[in-house]
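Notes for the one structure printed next.
Labels below follow one simple rule: chain letters A, B, ... track the order of the sequence lines, proteins then strands, and each chain is numbered from 1. In this text, all values refer to a predicted model and were calculated from it rather than measured experimentally.
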There are 2 protein chains.
Amino acid sequence: MQTDEIIRLMSEAGLRITDQRKTLAKLFADSPGYLSPKDVYDHMGRYYTGLSFDTVYRNLRVMDELGVLEQVMFEEGVKFKAHCREAHHHHHLICLHCGKTYPLTLCPMDMTEIPEEFKVVKHKFEVFGYCKDCTGEAEAAAAGSDG
Amino acid sequence: MQTDEIIRLMSEAGLRITDQRKTLAKLFADSPGYLSPKDVYDHMGRYYTGLSFDTVYRNLRVMDELGVLEQVMFEEGVKFKAHCREAHHHHHLICLHCGKTYPLTLCPMDMTEIPEEFKVVKHKFEVFGYCKDCTGEAEAAAAGSDG
DNA sequence: ATAAATGCAAACGCTTTGCAGTAAC
DNA sequence: GTTACTGCAAAGCGTTTGCATTTAT
């Protein structure tokens, strides 16, 4: 989603467009991957000296509830990114180093047989690894872990 | 995994087999689904009066590191279950009410095209919903949310 | 006997909340 | 001018850690 669209949606929802929210909208519009609350706080902190974590959290929550952001649980905790506006339901490749995501058109639900008695509510399909730009980091991580 | 096997693996790893760990092994061997640390604490608390959360956490961590438990991040937080010993890699249907899991033989990775440049490390495929015994809860949840 | 496991209490990190001042509408 | 947003401080929750005691080996 574009900065303008995020802001428009927030404004239409009756939210006030503060400087912080403009910066937040731009941050997520420009960011190709998932951001943790701390990532967001660090980025925002460059522009707002008195910035506090609770405001970051409040805005992330508001934007998540409004649907302009989507929230995903990683092992390291919650992360956010701008909601995908593509009409087509899809999943993602997610880079463990830079957080960048790449769409996967295939949805496994189309070919998964679910027993009739089981009432499906939602599903999760995510592929984690290292993208082109970060394959160097893959070896570093392998060397570092479990040494 | 069976209680005996969990205990055997822990013993072979040089861990001491305390009463609590026996109970823990049996709990996970008998439990068909994921358990939160609190679930575990509540269950254990019935048998051990002075039980403390930190011991529960310590044992969950030890057992996870040993590989007799597997740990999954849910939106509500971390949960554990006995590691699946089946040779075949598989995924799960997970009941949102009782936490029970059912194996899915299909793995979407077999039919997902990944760009050559992307180095896959791991993947996640989980289907959430309500199982046969809990479909009644599905309506209750729907009525309760977003009202 | 020795070293690991436990319980307690306290600390920790992440997230939320109450309140008074500030800013968008 | 009204009401929402913000920063501050403090509380909340889930989880981890240090230390003395207990227990499996």
Exercise. Charged N to carboxylate O below 4.0 Å: is that the case for B/K26 and B/D30?
Worked result: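 Looking at B/D30 together with B/K26, the answer is yes, because their closest N to O distance falls below 4.0 Å.
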For this session: Report the residues that fulfil side chain to side chain contact (heavy atoms under 4.5 Å, CB included) with A/D110, sequence neighbours left out, ordered by chain and then residue number.
Result: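 Partners of A/D110 by the side chain to side chain contact (heavy atoms under 4.5 Å, CB included) criterion, ordered by chain and then number, come out as A/C107.
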Problem set entry | Results of side chain to side chain contact (heavy atoms under 4.5 Å, CB included) for A/T18 - residues two or more places apart only |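 Side chain to side chain contact (heavy atoms under 4.5 Å, CB included) list for A/T18, sorted by chain: A/Q20, A/R21.
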Exercise. Among residues 7-20 of chain B, which contact DNA chain C at a heavy-atom distance under 4.0 Å?
Worked result: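 Heavy-atom contacts with DNA chain C come from B/L15, B/R16, B/T18, B/Q20.
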What is the distance from [atom1] of [X] to [atom2] of [N], rounded to the nearest Å?
X: A/R58; N: C/dC14; atom1: CZ; atom2: P; answer: 18 Å
X: B/L66; N: C/dA5; atom1: CG; atom2: P; answer: 11 Å
X: B/L51; N: D/dT23; atom1: CG; atom2: P; answer: 15 Å
X: A/D54; N: D/dA11; atom1: CG; atom2: P; answer: 15 Å
X: B/E75; N: D/dC13; atom1: CD; atom2: P; answer: 20 Å
X: A/L24; N: D/dC5; atom1: CG; atom2: P; answer: 13 Å
X: B/N59; N: D/dT16; atom1: CG; atom2: P; answer: 12 Å
X: A/K79; N: C/dC14; atom1: NZ; atom2: P; answer: 13 Å

Quiz: residues 74-83 of chain B side-chain donor-acceptor pairs under 3.5 angstrom, not counting sequence neighbours:
from	atom 1	to	atom 2	distance (Å)
B/E76	OE1	B/K79	NZ	3.2
B/H83	ND1	B/G67	O	3.4

Exercise. Which residues satisfy the side chain to side chain donor-acceptor pair (under 3.5 Å) test with B/E5, sequence neighbours excluded?
Worked result: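 Partners of B/E5 under the side chain to side chain donor-acceptor pair (under 3.5 Å) test: B/R85.
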Exercise. Does the side chain of B/T55 get closer than 4.0 angstrom to OP1 or OP2 of C/dT6 through an N or O atom?
Worked result: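 Checking C/dT6 against B/T55, no side-chain N or O comes under 4.0 Å of OP1 or OP2.
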Problem set entry | Phosphate OP1/OP2 of C/dA5: any B/R61 side-chain N/O under 4.0 Å |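 It does not, given that no N or O in the side chain of B/R61 lies less than 4.0 Å from OP1 or OP2 of C/dA5.
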Exercise. Got a sec, which residues hit ring-ring contact (aromatic ring centres under 6.0 Å, His included) with A/Y41, two or more places apart in sequence or on another chain?
Worked result: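 Counting only residues at least two positions away or on another chain, A/Y41 forms a ring-ring contact (aromatic ring centres under 6.0 Å, His included) with A/F53.
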Problem set entry | Closest-nucleotide ordering on DNA chain C, the 5'-leading residue of B/R21 and B/G50 |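 Nearer the 5' end of the strand: B/R21.
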Problem set entry | Within 6.0 angstrom of B/K124 NZ, more than 12 heavy atoms from elsewhere |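 Counting other residues, nucleotides and ligands, NZ of B/K124 exceeds 12 neighbours.
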